[in-house]
Structures are given as structure tokens and as C-alpha cells.
4 protein chains.
Amino acid sequence: MRVGVLTGGGDCPGLNAVIRAVVRKGVKEHGFDFVGFRDGWRGPLEGITMPLGIEQCRGILPRGGTILGSSRTNPFAVDDGVQRITDHLADAGVGALVAIGGEDTLGVATRLAELGVNVVGVPKTIDNDLSGTDFTFGFDTAVNIATEAIDRLHTTAESHHRALVVEVMGRHAGWIALHAGIAGGASSVLIPEIPFDIAAVCADVEARFRSEYAPIIVVSEGAVPADGSGMTLQSGEKDAFGHVRLGGIGDRLAHEIEQRTGKEARAVVLGHIQRGGTPSAFDRWLATRFGLQAISAVADGDFGVMVALRGTDIVRVPLAEGTGELKVVSPEEYAEAQVFFG
Amino acid sequence: MRVGVLTGGGDCPGLNAVIRAVVRKGVKEHGFDFVGFRDGWRGPLEGITMPLGIEQCRGILPRGGTILGSSRTNPFAVDDGVQRITDHLADAGVGALVAIGGEDTLGVATRLAELGVNVVGVPKTIDNDLSGTDFTFGFDTAVNIATEAIDRLHTTAESHHRALVVEVMGRHAGWIALHAGIAGGASSVLIPEIPFDIAAVCADVEARFRSEYAPIIVVSEGAVPADGSGMTLQSGEKDAFGHVRLGGIGDRLAHEIEQRTGKEARAVVLGHIQRGGTPSAFDRWLATRFGLQAISAVADGDFGVMVALRGTDIVRVPLAEGTGELKVVSPEEYAEAQVFFG
Amino acid sequence: MRVGVLTGGGDCPGLNAVIRAVVRKGVKEHGFDFVGFRDGWRGPLEGITMPLGIEQCRGILPRGGTILGSSRTNPFAVDDGVQRITDHLADAGVGALVAIGGEDTLGVATRLAELGVNVVGVPKTIDNDLSGTDFTFGFDTAVNIATEAIDRLHTTAESHHRALVVEVMGRHAGWIALHAGIAGGASSVLIPEIPFDIAAVCADVEARFRSEYAPIIVVSEGAVPADGSGMTLQSGEKDAFGHVRLGGIGDRLAHEIEQRTGKEARAVVLGHIQRGGTPSAFDRWLATRFGLQAISAVADGDFGVMVALRGTDIVRVPLAEGTGELKVVSPEEYAEAQVFFG
Amino acid sequence: MRVGVLTGGGDCPGLNAVIRAVVRKGVKEHGFDFVGFRDGWRGPLEGITMPLGIEQCRGILPRGGTILGSSRTNPFAVDDGVQRITDHLADAGVGALVAIGGEDTLGVATRLAELGVNVVGVPKTIDNDLSGTDFTFGFDTAVNIATEAIDRLHTTAESHHRALVVEVMGRHAGWIALHAGIAGGASSVLIPEIPFDIAAVCADVEARFRSEYAPIIVVSEGAVPADGSGMTLQSGEKDAFGHVRLGGIGDRLAHEIEQRTGKEARAVVLGHIQRGGTPSAFDRWLATRFGLQAISAVADGDFGVMVALRGTDIVRVPLAEGTGELKVVSPEEYAEAQVFFG
């Protein structure tokens with residue numbers, strides 16, 4: 001059988017490890033051959049392929065990004081998108097498809113599966129916000145990078161008696177902020193799930209200064225102030241900056257803390273360095289095991305599923321179930337970390 | 001209430017994170033005060049203590065080792081050991097004890113609990129071989145260090161057309177070798193659980209050379225050749241070297257591969273660099289959560305338990321159960337990785 | 001003799017290594033005792049001191065920041081500033097002062113030396129733009145951090161067919177951009193010394209995309225477009241963003257590249273993570289040797305000098321000479337790297 | 001003109017950066033074309049070549065090892081070696097040769113140059129012991145790796161009240177040990193240039209233990225005890241271990257320290273991880289600039305020279321001069337570090 005593989009959505013350390021595991025086990029244990037579809041759903045939509053075999057997968061395990069390229073192309077937004085995909089899959093002689101991606105990519109996979117396409121999903125989200133799995137690959141790498149940045153910032157903050165705000169990824173879920181904030185010894189962690197009280201943040205800033213240590217505030221890009229917080233720069237006020245990227249929550253928070261406490265505050269926006277480069281050992285192991293299980297599902301004819309981590313086991317769950325709900329930080333999990341704030 | 005804390009056995013990245021979490025939550029949420037016992041069970045055995053409070057725990061989160069010191073002292077091997085411990089605990093006014101350590105340390109804790117001491121255990125083993133928990137802290141750091149070393153060795157092996165053997169920790173369980181071998185793209189992984197066939201290893205070495213890549217063999221320190229393997233240097237033959245450390249399995253394997261394949265082979269023994277230094281973000285997060293749960297158990301009066309990771313939850317399990325059995329790599333888990341060998 | 005030590009200006013990895021070397025050699029070889037002045041020139045200006053001896057210097061070698069604190073206080077901007085400093089030095093019984101800092105800090109030291117204060121300078125600038133020395137400590141660490149970030153960004157840029165702009169430190173000199181750009185394989189490097197031509201940058205961006213690799217543009221924070229470049233967002237137009245930090249050259253460049261080439265472009269502003277945290281081995285070695293030479297100068301009564309690296313030697317140069325001129329990237333040095341652009 | 005390139009001797013981070021710079025500038029500025037000779041002098045000796053152009057050099061900048069392969073083949077030890085080399089160079093149409101390597105490789109280059117071959121040398125030694133240049137690439141990477149290892153070992157040593165011996169590379173010169181020992185805060189540094197006194201080492205070990213810190217002894221693989229030192233295990237006594245690798249100076253020192261001080265001591269032998277993997281930013285910059293200067297020398301017809309670092313300049317020196325003498329640590333440089341020992 002010929003198996004197609006594609007990667008969609010934002011890149012994530014570990015994508016290449018998944019591809020390598022899928023191909024290597026597919027060829028060596030099941031005698032499959034493979035075709036790579038380029039740039040997410042654009043590949044099967046437009047019939048853009050690349051050769052994919054053990055040779056193409058040599059040396060890619062430690063490399064970030066994806067050798068298949070990626071995009072955010074949504075075939076359902078295109079006329080006859082589904083028909084064009086099934087035609088191109090048939091043209092390429094593809095009997096099964098492994099789709100590696102996040103909510104959007106797997107959402108498409110779910111609907112294609114309902115339409116009878118033989119698809120197996122591999123979940124990918126650097127934000128770790130997919131409900132069907134304990135962890136997704138890429139998350140551990142991002143948390144390590146954010147934690148190392150926080151480690152570096154502590155000494156600067158202390159030497160200059162200055163508050164530092166670190167803005168990390170996480171539009172809808174605060175997992176990166178929470179884990180990196182705990183691991184880095186932050187004085188506050190602000191996440192999208194729980195609107196923050198700027199007065200409480202400033203109280204923590206001042207408490208930390210009294211201890212002769214300096215405050216580090218870790219904030220998810222999607223965190224928002226609580227209603228009536230009185231922050232000078234409100235959430236969503238693009239106009240004040242002319243451009244959304246130019247005034248993220250990190251910069252706005254630093255400005256507000258400076259105004260309220262009279263202490264210098266600076267923001268660091270980690271941005272893309274969280275998602276590129278070589279994966280951590282955990283992410284390579286998880287991505288590899290996801291890939292092995294995905295191709296086993298293909299070999300078993302077990303389609304319409306995605307792979308997932310449960311404890312230390314890799315299991316299969318129905319695609320619809322795995323992507324149905326966003327996994328967010330619960331109030332209990334957030335409260336657990338409170339003891340380290342201030 | 002006054003709570004005692006000790007750390008026993010080999011050091012492990014994350015010990016300080018546990019201590020910090022125990023103390024910080026104990027003081028801030030439960031109003032406990034603390035006393036540190038020095039150097040594992042030697043502390044309560046000989047009555048050696050140190051002050052332990054929020055001040056002592058500042059800045060220790062990213063630091064390897066343990067501010068309490070450690071030792072392998074076994075109080076049961078000492079006359080009146082138990083009596084001396086209970087006396088010293090009473091002298092210090094200690095109402096509960098948090099014991100952080102591996103099989104040996106928690107084995108003592110188990111027996112003390114049976115004798116009525118109010119003890120809560122926190123599992124620690126860099127080898128990840130405790131049965132009661134999905135993972136232990138320190139393991140992820142060790143795997144990352146071993147993986148980075150393997151990454152570095154690939155280019156040397158290829159440039160010199162040479163086989164490289166990497167000896168990692170793991171006396172009874174091959175978890176570090178298996179995870180680092182998968183993450184590092186090893187050509188063979190040899191573990192204590194499954195005696196290895198030197199001829200198969202050499203076949204993998206030769207297969208890897210044919211692919212123009214160079215072989216990296218990852219071997220647990222406790223791995224042994226299968227009976228009748230014909231390895232020139234047999235397991236356990238200390239005398240040949242006069243000293244066990246001077247002829248570990250890594251060096252013996254490199255020697256044997258060189259003899260059998262005619263290719264140059266060299267060994268690298270990672271040793272202590274796997275267990276020292278700053279913990280990975282995962283280990284800081286896990287250790288911190290272990291510490292929080294341990295002091296909650298103390299506050300609940302839930303003694304005779306140890307904390308454990310199950311999926312993403314921190315739970316409590318009876319001490320006797322958690323330490324009763326060694327968690328080893330199963331044949332299925334090992335077989336899963338075979339597709340990458342050779 | 002009692003020797004005072006202070007650190008001024010922005011923090012820089014290696015400050016603690018200098019302090020440790022000064023104190024350790026001063027105590028052990030010359031029998032000096034020490035007093036630390038807090039927060040740069042504010043310390044001697046206001047008479048704020050801290051104990052400083054071998055004990056205070058234990059464990060600080062690998063730590064970023066400065067145990068003495070820092071500030072940008074300028075005593076010449078304060079009434080009777082010089083008099084207050086000389087009074088406080090006399091009160092503290094200080095016979096010589098080691099001042100560690102950049103252009104501003106050493107500028108003050110130069111004038112104090114002219115007024116008869118026994119001062120020895122240690123140059124510090126993360127930007128590496130002091131003319132008297134081949135390299136300053138902190139620079140190597142910053143270049144390593146920027147290079148690692150660029151390494152990470154390559155795979156993201158390629159996977160998404162996207163241009164990435166990396167803004168690094170360097171207000172007046174492009175050393176960090178040039179070194180990190182060469183080390184990281186950038187497609188363009190833009191520095192303050194040479195106003196850039198946005199059309200040429202975009203040509204390099206397009207050339208890199210044609211090679212199937214993705215462009216990485218490294219830009220110093222102080223880089224400016226050439227006159228008449230036609231960049232939509234001109235240098236110095238603070239008003240468009242309301243706040244200078246919110247629209248640095250990196251963001252403006254990404255915006256312009258996107259407009260002109262029709263390719264997605266994103267900016268990453270490395271900011272403070274370049275200057276915090278543990279120093280590289282080179283910086284620890286250089287800072288240590290600077291400290292050793294500085295205290296030797298004190299012991300020799302050789303005041304009014306600063307230490308400097310020349311080849312592999314640490315020499316002394318007159319303070320006035322060492323800080324007189326900014327060391328910038330020459331057109332020849334910049335041209336040398338051109339072969340890698342595009 | 002066609003230019004040949006080869007890399008000889010032990011691998012070293014930065015070799016690929018040299019190759020890339022040579023090729024890229026050669027093609028783009030001088031219109032040269034290139035041929036790669038495989039595996040050091042074996043390539044031209046046996047006429048083994050590989051294609052070498054801008055394509056082959058894409059993505060190699062951050063990679064350790066050498067895409068050309070390496071060996072220690074000595075053409076002067078082979079009948080008609082020189083004749084065979086000049087014949088193969090002529091067959092391949094090669095008008096000039098860039099030879100990248102250490103003392104041995106450049107020694108061959110020197111003699112070939114004397115025989116009229118158009119050769120330019122690029123010095124390479126991870127040990128930094130070539131006299132013609134301030135630094136060689138690869139050294140900085142090795143020192144960083146050794147320093148990070150020492151950082152990790154400190155906490156283990158302290159937690160267990162144990163002495164740790166770290167054996168680093170350096171057969172004839174102690175540069176890696178000296179730099180990493182200074183940067184890592186070692187209690188002793190033992191180098192080949194200065195036979196060590198085991199009693200003094202043990203005194204430093206005991207002094208460090210009294211300070212509540214733990215001793216780290218950094219030792220070059222080529223360090224030897226002074227005559228009459230009374231070390232139980234003398235230098236050169238292979239027989240005691242049956243195999244030289246199995247009883248290096250590190251293991252012997254740890255054994256001796258344990259015997260003499262009664263404190264636990266362990267050795268870590270860093271070995272090959274010092275020479276593999278991605279180069280530091282400094283090494284990438286130095287290697288790149290060496291490559292640029294080497295191809296300029298070819299373009300200038302300036303043969304029989306090697307490139308060298310002097311301060312921040314890359315210069316050319318006669319091959320004979322550059323390789324004539326070993327650069328070792330002087331007694332003064334060693335004495336400078338004494339203040340940190342003990």
C-alpha cells in the first residue's frame with residue numbers, strides 16, 4: 001500500500017521525528033511505500049507531492065521544522081476542495097493518509113474520515129491544548145526554552161532592581177506560561193483562562209522587591225486583564241499601536257507595572273524561538289512513539305483515529321473525540337502554583 | 001507543627017525543587033515550621049540538623065544537588081538505629097518527616113512508617129525504575145544530557161567512519177538508554193533487561209556503515225551479554241582490570257566491536273554529568289508538584305504514603321506498594337524501538 | 001590596604017567573575033581587604049556599601065548579573081558629586097577603587113583619576129564597542145545566545161516559507177549582529193555603521209527563497225535605513241507607535257519586507273535574554289583575567305589605567321585612551337561577510 | 001581555476017564552516033570551481049573525490065564533523081606517495097589545494113609546498129597548541145563543553161562530599177584544562193607542561209572540603225605526576241589495566257586521592273563529546289574567517305602559507321613557521337590561575 005503523509009499548521013519541534021518513525025516502520029515492518037504531500041492540506045488539494053522514503057528521513061530526527069513544509073490551507077474553504085483532495089489521493093495511488101497537525105488540520109482530517117478517506121491523525125500543538133492526549137510534542141521544547149530565558153532574566157532583574165515581563169506562547173491555554181513559570185520561579189503567572197487583576201500583579205511585584213529578589217512575570221500572549229482592571233492600555237485596542245504585533249500583552253503589562261509601582265519594568269517577547277530548532281529528548285521520544293503508533297493504526301486498518309499519550313502509553317482515540325474540546329488550565333491547577341507567587 | 005525533611009541516596013536534579021515546594025507551601029498555607037536533616041538518614045540517626053525555611057530555599061530551584069546533603073547511610077545496619085532516629089526526631093520536636101529518596105531511602109521510610117513514624121515519601125531515582133510512578137524527576141534531565149552527547153557524537157563517528165559506544169546510567173533498568181537511544185537515533189540500544197547478542201550488535205554496526213552513516217551504540221551500565229556470546233571480556237571479570245570502574249561495559253563493547261568488525265570503535269562513559277547540574281523544565285515542574293503534594297499529605301495526616309505521577313496527576317500511593325517492585329523495560333517496549341536499529 | 005569595587009551600567013555576563021578574581025587575588029596574594037559599593041556610582045556617592053570578601057564571592061563565577069548591583073547614576077550630574085565620592089571613599093578607608101563598567105562608568109573613573117583618586121578600570125560593554133581592547137566580556141555570551149536563536153529560527157522560516165527578522169543589541173556598533181549573522185548563516189546583516197538599502201535587503205530575501213532556503217535578516221537595534229530608502233516606517237517616528245519599544249527596527253523591517261516582497265515576514269526581538277544568565281567559558285576566562293590584572297595594577301600603584309585584551313595578553317592602557325573612541329565595524333569587515341548574503 | 005579541498009586529522013567543530021567559506025567566496029568572488037578530496041590525504045593519494053560546490057555547502061555551517069571525511073593517512077609513509085598525489089591533483093585538474101588540518105596534515109602540506117604544489121593551509125587543533133595563531137577553531141567549543149560539565153559536577157560533588165576528577169583533552173598542551181578549569185572554578189588544574197605533585201593536589205582537595213565546597217580537579221589527558229610523587233599507579237604502567245584507555249590519568253588520580261585523603265573520589269572522562277557537535281559562535285566566526293582568508297591567498301597566488309588569528313585580524317604566515325613549534329602553557333600563565341586553587 002502507498003501511504004501519504006502531510007504536516008499542517010504552525011511548525012513544532014518533533015514533526016520530523018513523527019515523519020521518520022511513520023516511514024521507517026511503514027517500510028521495514030509493513031512493506032508500505034510513501035508519498036509526501038507538501039505544505040499541509042495544500043499538497044493533496046493541489047496535487048503537490050515529494051518523494052518520501054527512508055533516505056529522505058535520514059538525519060532529520062534532531063531537526064526542527066518539517067521536511068514536508070506546512071501551511072494553514074483549509075480545503076473546506078475552497079470550491080470542490082474535498083473532491084480535489086480525494087481525486088489527488090487517488091491519482092497518487094494513496095490508500096491511506098497520515099495527517100499530522102493541530103485542531104484545524106485534524107478538524108479537516110475528521111471530516112475527510114467521515115467522508116470515507118482512510119486517515120489517521122497525529123496531534124500537534126505547541127500550546128498543549130488538545131484534550132485527547134496528556135501531552136503533545138513540541139510543548140516540552142517550548143517550556144524548556146522559556147525556562148532557560150527566565151533563568152537568564154533573573155540575574156538582570158536583580159542587578160537592576162527591575163521587573164521583567166516574559167511573554168510566552170498560548171492564545172487560548174496557559175500551559176506554557178504555567179509550566180515555565182513554575183520551572184523558572186516566576187513571581188506571577190498570567191494565563192488566558194483566568195483574567196488577571198493588575199493590582200494583584202503589582203502587589204506581587206512589590207512583595208518580590210522587598211525580599212531583595214526581583215520580580216519575573218510570565219504572561220501568555222492570550223492573557224487578558226479582568227473587567228474594570230483599570231489598565232491604561234486595554235485588551236484589543238489595536239488602534240493605540242496601529243499594529244497588533246507591536247503592542248502585545250507583554251509590553252502593555254510592563255508599561256502598566258512601571259506606571260503603578262514606580263519601578264522600572266521591561267518586557268521580553270520570546271516569539272518564534274519557542275517553536276523552532278531541535279526538539280528536547282522528551283519531544284523526540286513522544287513524536288517517535290506517536291509516529292510508530294500511527295503507522296500501526298494504518299496497518300491495522302484502524303482509520304478515523306488519532307494517537308494520544310495516556311500516562312506512558314500511546315493509545316488511539318476517535319478523531320472527533322480527540323479534537324472536540326480545548327484542554328485548558330483548570331482553576332485548581334492554577335491555584336496549586338499560587339504559593340510561589342509574590 | 002514542625003516538619004523534618006531529608007534527602008537520601010545518589011543526587012538527582014530536582015531535589016532542591018522538592019525541598020523548596022515542601023517548605024514554601026508548608027509555611028505559607030499550613031503554618032508549619034521546618035528542620036533540615038543533613039545527609040540522608042545520617043541526619044536523624046546522629047541528630048545533625050540545619051535551619052530550613054523560605055530563606056534557605058531562595059534561589060535553589062534551578063540548582064542541581066541538594067542543599068541538605070545526601071548519603072547512603074542505612075539506619076537498620078546500625079545498632080539501635082530506629083530508636084536513635086525516633087529519639088532525635090522527638091528531640092527536634094518533629095511531628096512529621098518528608099523523606100526524599102530512592103528504593104533504599106524509601107525502604108527505610110516504609111519500615112519507620114510501620115513503626116509509627118509520621119512519614120511521607122517522595123520518590124527519587126534518576127534511573128526511573130520505581131514502579132509506583134510514571135516518571136521520577138531527574139530522569140528527563142539525564143536523558144536530555146545523554147541525547148545531547150549522542151547528537152555531538154554522530155558527526156565525529158561519521159567523519160572518522162568509526163563506531164561510538166555511549167555508556168549511560170542504568171544498573172537494573174534500561175530507561176535512560178532506551179529513551180536517549182530513541183531520541184538520539186542510535187543504531188543499537190543495549191539494556192540490562194535483555195541480554196544482548198554481540199553478533200547482532202556487530203551486524204547492526206555493519207549495516208549502519210553501509211548506509212554511509214556511522215553507528216552509535218547506547219548501552220546501559222548494567223547491560224550484559226547473553227550466555228555464550230563469546231565476548232572476549234566477560235561480564236563480571238573484574239580481575240582483568242583490577243578495578244570495576246576501569247573496565248565498564250562500554251569499553252568492553254568498543255573493544256569487542258573493533259575486534260569483530262575491523263572498524264575503529266571508541267567508548268564514551270557519560271558518568272556523573274548525567275546526574276548533576278540544573279534540572280530540565282520538566283523535572284523542575286515534576287519535582288515541584290511532588291513537593292506540593294507531599295506537604296499536603298502531611299497536612300492531611302495521610303502518612304505512610306509516597307507521591308507519584310499518574311498521567312498528569314500527582315497522586316498518593318502506599319509506600320510499600322510504590323517501592324515494592326522494580327519498573328523495568330518490557331520486551332514489548334524494547335521491541336517497539338527495533339525498527340530504528342541497524 | 002582597603003580596596004573598593006563597584007559595577008556600573010547595564011549588566012553583562014562576567015561581572016561576577018571579575019569581582020571574584022579581584023577579591024581572591026587581592027586577599028590571597030596582596031593581603032588587601034575589600035568593600036563593595038552598591039549600584040554603580042550611587043554606592044560611593046551615597047555611601048552605600050556591602051561586605052566583600054572571599055566568602056561573598058563563593059559560587060558567583062557562573063552567575064550572570066552582579067552581586068554589587070548596578071545603576072546608571074552619574075555623579076557629575078549631582079551637586080558636589082565628586083566631593084561626596086571622595087568623602088565617602090575616605091570614610092570607608094578606601095585606598096584604591098576598581099571600577100567595572102562601560103563608556104559612562106569609565107568616563108567618570110577617568111575624571112576621578114584626573115582629580116587624584118586611585119582608580120583602576122575594567123572595561124565592560126556587551127556591544128564590544130570600546131576601542132582599547134580586542135574584546136570585552138559578555139559579548140561572546142550575547143553572540144552565542146543570538147546564534148542559538150538564529151539556529152532555531154531557520155527551521156521555522158523554511159517550514160513556513162517565511163522571512164524572519166532577528167533584532168539584536170547594538171545601538172552604535174554592529175558587532176553582535178555581524179558575529180551572530182556570520183555564525184548563524186544569515187541572509188542579511190544590517191548594522192548601525194552602514195545605513196541599509198531596503199531594496200537590497202528585499203533582493204537578498206528573494207534570492208534566498210529561490211534557493212529553497214528561507215531568509216533570516218539579523219539587524220542591530222541601532223541600524224537605520226539609508227536616506228531616501230522609501231521605508232514606509234521611517235527611523236525616529238516614535239509617534240506612529242506611541243512608544244519606542246513598541247516599534248523597533250525589527251518590527252518595522254518585517255513589515256516593510258512583507259509589503260515589498262509579498263512574502264510573510266515576522267520579527268523576533270531578542271532583548272534582555274542576550275545580557276543575562278551564565279557567561280560563556282570565554283567570557284568567564286576573559287573576565288577572570290581582567291580581574292587578576294586589575295588588582296595587580298592596584299598592587300603596583302599603577303592607577304588611571306584600565307585593563308585590556310590584546311591578542312591573548314591582558315595589558316594596561318591609560319583610561320583616557322581606552323574609552324576615547326567608539327570601536328565600530330569597518331567597511332572592510334562588513335564587506336568581508338557580503339559573500340554569505342542573499 | 002579548480003581548487004581542491006581536504007580535511008585531515010581528528011575532527012573539530014568548525015571544519016564545515018571553513019569548507020563553506022572557502023567554496024562560497026571562491027565561487028562567488030573568484031569564479032573558481034571546486035573538488036573535494038575525501039578523508040584527508042587519502043583522497044589525493046588514492047584519487048578519491050566528491051563534488052563540492054555551493055549546493056553541497058548549504059546547511060553545513062552549524063554541523064560538527066566534516067562533510068569531506070577525515071583520516072590520519074600520511075602520504076610520506078607510502079611508496080611514491082608524493083608522486084601519486086601530484087598525479088591525482090593533475091588528473092583532477094586541480095590548480096591549488098586548501099589543506100585543513102593540524103600539525104601532521106600541515107606538515108605534509110609544508111613538504112608538498114616545498115615540492116612546488118600550490119597549497120594553502122588552514123590550522124586546526126582542538127588542543128589550541130599551534131604556535132602560529134592566537135586561537136584555533138574547535139578549542140572554544142571544547143572549553144565550553146568541558147565548562148558545562150564542570151558546572152554540572154559541582155552540585156554532585158557538594159551533595160556527596162566527594163572529590164570529582166574531570167579528564168579533558170590535551171596530550172601535549174594544557175589549554176583546555178586551564179581555560180575550563182578557570183571558567184569552571186576548579187580546585188586544581190593539572191597539565192602536561194608541569195608535572196604535578198600529588199601531595200599538593202590532595203592538600204587542595206582537603207582545603208576545599210574545609211570550605212564546605214567540594215573539590216573539582218581538572219586534568220589534561222597528558223598530565224603526569226612529578227618524579228618520585230609516590231603515586232601508586234605510575235604513568236605509563238599499561239599493564240596494570242591491560243589497556244591504556246581503561247586506566248587514564250583521570251581514573252588513576254581519583255584512586256590516589258581516595259587512598260590519600262580518605263574521601264570518596266570519582267573520575268569523569270569527557271572524551272569524544274568535546275570534539276563533536278555544533279560549533280560555538282566564536283568557532284563558527286573564526287573558522288569562517290579562516291576560510292575566507294585561505295581562498296583569498298589562493299586568489300592572490302600566495303601559496304605555502306597558512307592563515308592565522310592575531311588579535312582580531314586574520315593574517316597569513318609561512319606554513320613552516322606556523323607549524324614549527326608547539327604552543328604550550330607557560331609557567332607564568334599557569335601561575336596566574338594558582339590563586340583559585342585549593
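Labels below follow one simple rule: chain letters A, B, ... track the order of the sequence lines, proteins then strands, and each chain is numbered from 1.
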Structural part of [X] lying under 4.5 Å from a heavy atom of chain A:
X	result
Thr7(C)	neither
His161(C)	side chain
Ser71(C)	neither
Val268(C)	side chain

Inset, instruction - Return the option, out of Gly69(C), Gly64(C), Ala157(C), Cys12(C), with the maximum number of heavy-atom pairs under 4.5 Å with chain A. - result: Gly64(C)
Legend entry - Test item: Val269(C) and Val269(A) side chains (from C-beta on) under 4.5 Å apart, heavy atoms: no
Legend entry - pair Arg152(C)-Thr141(A): side-chain heavy atoms closer than 4.5 Å: yes
Legend entry - Backbone N/O of Thr66(A) and side chain of Ser159(C): donor-acceptor pair under 3.5 Å: yes
Inset, instruction - May I ask you to decide if Gly276(A)'s main-chain N or O and Thr155(C)'s side chain share a donor-acceptor pair within less than 3.5 Å? - result: no
Inset, instruction - Under 4.5 Å, counting heavy-atom pairs only, tell me which of Arg63(A), His272(A), Arg275(A) racks up the most with chain C. - result: His272(A)
Legend entry - Pairs of heavy atoms under 4.5 Å with chain C: top-ranked of Ile67(A), Ile145(A), Asn16(A), Leu68(A): Ile145(A)
Inset, instruction - Count the heavy atoms of every other residue, nucleotide or ligand shown that sit under 6.0 Å from CZ of Arg58(A), and state whether that count exceeds 12. - result: yes
Legend entry - Residue Glu221(C) excluded, over 12 heavy atoms near CD under 6.0 Å: yes
Inset, instruction - Answer with yes or no whether the side chains of His160(C) and Arg72(A) bring together a donor and an acceptor at under 3.5 Å. - result: no
Legend entry - Derivation and outcome, side-chain contact (heavy atoms from CB on, under 4.5 Å), residues Asp151(C) and Thr278(A): CA-CA 9 Å; Asp151(C) 282 357; Thr278(A) 196; over 6 Å; no
Inset, instruction - Starting at OG of Ser70(A), measure out to CZ of Arg162(C) and round the result to the nearest 0.5 Å. - result: 9.5 Å
Legend entry - Positions in residues 39-52 of chain A that reach chain C, provided some heavy atom is under 4.5 Å away: Asp39(A)
